[in-house]
Protein chains: 2
Amino acid sequence: MTYSEENYLKTIYHLTSMTEEAVSTNAIAEKMDTKASSVTDMLKKLAEKDLVNYIKYQGVSLTENGKLAAKMIVRKHRLWETFLVEKLEFSWDEVHDVAEQLEHIKSEKLINKLDDFLGNPTEDPHGDPIPDAEGRIIKVEKRLLSELEKNQSGICVGVKDTSSDFLKYLDKQEIALGSQIAIIEKETFDNSFKIRVGSKELMISNKIASNLYIQ
Amino acid sequence: MTYSEENYLKTIYHLTSMTEEAVSTNAIAEKMDTKASSVTDMLKKLAEKDLVNYIKYQGVSLTENGKLAAKMIVRKHRLWETFLVEKLEFSWDEVHDVAEQLEHIKSEKLINKLDDFLGNPTEDPHGDPIPDAEGRIIKVEKRLLSELEKNQSGICVGVKDTSSDFLKYLDKQEIALGSQIAIIEKETFDNSFKIRVGSKELMISNKIASNLYIQ
DNA sequence: AATATTTTTTAGATGCGTCTAAAATAAACT
DNA sequence: AGTTTATTTTAGACGCATCTAAAAAATATT
Ligand SMILES: [Mn+2]
Ligand SMILES: [Mn+2]
Ligand SMILES: [Mn+2]
Ligand SMILES: [Mn+2]
């Protein structure tokens, strides 16, 4: 499989993992910052290889083959991110771009040895699950902070947005995976929140609260 | 720089590092298992980027830019090989192909952090020198085992041939980097050797002896 | 020096992944 | 239902890296 094919597969995987439905050509083009015509070309090729179910004008979904292949790429991405943070002292906002490259390295042995070296982690630095060698994912149920009510609390276990900007904001506010977060007040006007993180109190917008996973 | 450009650069580096002279189109084609016409195309492109000195029909050599770029690729290759052996329990005959992929990952930070993580090694698992971040190489003088005379001895510090076949042969004979090797007898007929490795004695062909570096 | 051989370059083609522009189809709106 | 708009596909082009076949240049042989 080529570098490009792998990127399409991964994108389709991420776009379909929420909805479970077929995804449109335009949605893929949007996400990958490319043109719809390029997407169409690639979908034909992936369909030819039995990696996607593709019917003209009707969108696309992954076959079982495609889904497993996509999971293996996600596995590699997240294991490399974990390696970079745990072993090479990268911060969680610096790892994504490098992992985008590393996820395409082809070696079963490498990735499985890396997995062992890292102690078979089940989650990456952003709290996202790491598929095992067979593609199994441990699903932990988690809610968005924005769904909590006043006086409820929980532990921050993940981020939805993994952009560098957002992650740096969290660093600045000293919010990290494992932080205890409690809702002190919920502002009905703009749906912003007053929260307590550890011993500190701060105000966060609804957008922030909608990108933090709590357990 | 593209994946392909990097591979050409590295090949030219290896071919010129011994002779110091310009290298021929055919020599590059041979080494890279490609056609001379493809090489010519690439040489034009590399010359355009001031990475090689190329004059039609007269062979090619690296510019200072090209040499530094090549060294950085070699640096990455050898650091990754070291990582695979030291941290992921690969054996020295398994690392080359994976390192061929990993050497193209683009991230200054990654490679320098990896270097630190490994303790800034100066040699890779095959005894080859690892250029530092500025491209400096620590030259250690070493001779081929085949150049030694009867009753001389030394420590095995490197291999010239790094093919899997050769490395596996060495494993079988329990010859490794650091092994003490002494010449017991030199057969004038076929230039083969009787040697002692540690406490064992064995016969090796001249071809074997010509691929072991001794210090 | 002339001829033959080898090496290297050029010319033209192919596959991959991308693009723009135009055509086809589907969806939304009177 | 007919028309407009949006989405998707097709057609044709381009850059990259490769190839084969032919031409050009360098080298070796007689
Ligand atoms: Mn990522
Ligand atoms: Mn991640
Ligand atoms: Mn190697
Ligand atoms: Mn090596």
Side-chain angles (χ1 to χ4, degrees), chain A residues 1-16 19 21-62 66 69-70 73 97 100-101 103-106, chain B residues 1-16 19 21-62 66 69-70 73 97 100-101 103-106:
Chain A
M1 219 177 343
T2 69
Y3 192 102
S4 189
E5 286 171 345
E6 291 188 342
N7 282 335
Y8 274 93
L9 228 44
K10 193 179 50 156
T11 300
I12 297 168
Y13 175 76
H14 284 133
L15 288 173
T16 51
T19 62
E21 282 168 38
V23 65
S24 74
T25 301
N26 261 6
I28 298 168
E30 169 95 6
K31 189 92 170 193
M32 297 188 70
D33 197 31
T34 184
K35 303 295 168 183
S37 53
S38 305
V39 175
T40 300
D41 284 349
M42 182 56 81
L43 295 184
K44 285 183 198 167
K45 206 195 313 182
L46 293 175
E48 192 61 43
K49 297 188 176 187
D50 192 36
L51 292 166
V52 299
N53 306 116
Y54 170 58
I55 308 167
K56 262 192 193 185
Y57 293 102
Q58 311 238 140
V60 71
S61 62
L62 295 175
I73 302 163
D97 291 349
E100 284 290 304
Q101 298 180 62
E103 72 189 5
H104 300 289
I105 300 293
K106 281 163 192 61
Chain B
M1 214 176 349
T2 68
Y3 192 101
S4 189
E5 286 171 345
E6 291 187 340
N7 281 335
Y8 274 93
L9 228 45
K10 194 180 50 154
T11 299
I12 298 168
Y13 175 75
H14 283 133
L15 288 174
T16 52
T19 63
E21 282 169 37
V23 64
S24 74
T25 302
N26 261 7
I28 297 168
E30 169 95 2
K31 189 92 170 194
M32 298 188 70
D33 199 28
T34 183
K35 302 296 167 181
S37 54
S38 304
V39 175
T40 300
D41 284 348
M42 182 56 81
L43 294 184
K44 286 183 197 167
K45 207 194 314 179
L46 293 175
E48 192 60 44
K49 297 189 175 184
D50 191 35
L51 293 166
V52 300
N53 306 116
Y54 170 58
I55 309 168
K56 261 193 194 181
Y57 293 104
Q58 314 236 140
V60 71
S61 62
L62 295 175
I73 302 163
D97 291 349
E100 284 290 305
Q101 298 179 62
E103 71 188 6
H104 300 290
I105 300 294
K106 281 163 191 57

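Numbers restart at 1 for each chain; the letters A, B, ... are given by sequence-line order, proteins then strands. All values reported here derive from a predicted model rather than from experimental measurement.
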Q. CE of A/Met1 versus P of C/dC16: gap in Å, rounded?
A. 15 Å
Under 3.5 Å, which donor-acceptor pairs link side chains of residues 23-32 of chain A to any protein atom two or more places apart or in another chain?
{"residue": "A/Ser24", "atom": "OG", "partner": "A/Ala27", "partner atom": "N", "Å": "3.0"}

Q) Can you tell me how far CG of A/Leu62 sits from CG of A/Leu9, rounded to the nearest 0.5 angstrom? A) 5.5 Å
Q: Calculate, to the nearest 0.5 Å, the distance between atoms CG and CD belonging to B/Leu46 and B/Glu6 respectively.
A: 11.0 Å
Q) What's the NZ-P distance between A/Lys49 and C/dG15, to the nearest Å? A) 14 Å
Q. What is the distance from CE of A/Met42 to P of C/dC19, rounded to the nearest Å?
A. 11 Å
Q: Pick base, sugar-phosphate or nothing for A/Tyr54, based on heavy-atom distances below 4.0 Å to the nucleic acid.
A: sugar-phosphate
Provide a list of protein-nucleic acid N or O atom pairs under 3.5 angstrom, restricted to nucleotides 24-29 of chain C.
{"residue": "C/dT25", "atom": "O4'", "partner": "A/Tyr57", "partner atom": "OH", "Å": "3.4"}

Q. Got a sec? Which of residues 26-40 of chain B come in under 4.0 Å of DNA chain C, heavy atoms?
A. B/Asn26, B/Ala36, B/Ser37, B/Thr40
Q | Distance, rounded to the nearest Å, where A/Asp41 contributes CG and D/dT9 contributes C1' | A | 9 Å
(Q) Using 0.5 Å steps for rounding, measure from the OH atom of B/Tyr3 to the NE2 atom of B/His104. (A) 4.0 Å
Q) Looking only at side-chain N and O atoms, does B/Ser4 come under 4.0 Å of OP1 or OP2 in D/dT18? A) yes
Show which side-chain atoms of residues 48-59 of chain A pair as donor or acceptor with protein atoms under 3.5 Å away, not counting sequence neighbours.
{"residue": "A/Lys49", "atom": "NZ", "partner": "A/Glu5", "partner atom": "OE1", "Å": "3.2"}
{"residue": "A/Lys49", "atom": "NZ", "partner": "A/Glu5", "partner atom": "OE2", "Å": "2.9"}
{"residue": "A/Asp50", "atom": "OD2", "partner": "A/Asn65", "partner atom": "ND2", "Å": "3.3"}
{"residue": "A/Asn53", "atom": "OD1", "partner": "A/Ser61", "partner atom": "OG", "Å": "3.3"}

Q.
If you compare all heavy atoms of B/Tyr13 against all heavy atoms of B/Ala70, which two are closest, and at what distance to 0.1 Å?
A. CB-CB, 3.5 Å
Q | Interatomic distance where CD1 belongs to B/Ile55 and P belongs to D/dA26 [whole Å] | A | 12 Å
Q) Just how far is it from atom CE of B/Met1 to atom CG of B/Asn7, taken to the nearest 0.5 Å? A) 10.5 Å
Q.
Are the side chains of B/Thr34 and B/Tyr8 in contact, using a 4.5 Å heavy-atom criterion?
A. yes
Q) Partners of B/Lys44 by salt bridge (Lys or Arg N to Asp or Glu O under 4.0 Å), sequence neighbours excluded? A) none
Q.
How long is the straight-line distance from NZ of B/Lys106 back to CG of A/Asp97, given to the nearest 0.5 Å?
A. 14.0 Å
(Q) Let's see if you get this right: which residues in residues 5-14 of chain A place a heavy atom under 4.0 Å from DNA chain D? (A) none
Q | Whole-Å gap separating P (D/dT7) and CG (A/Leu43) | A | 16 Å
Q. To the nearest 0.5 Å, what is the distance between CD1 (B/Ile73) and NE2 (B/His14)?
A. 9.5 Å
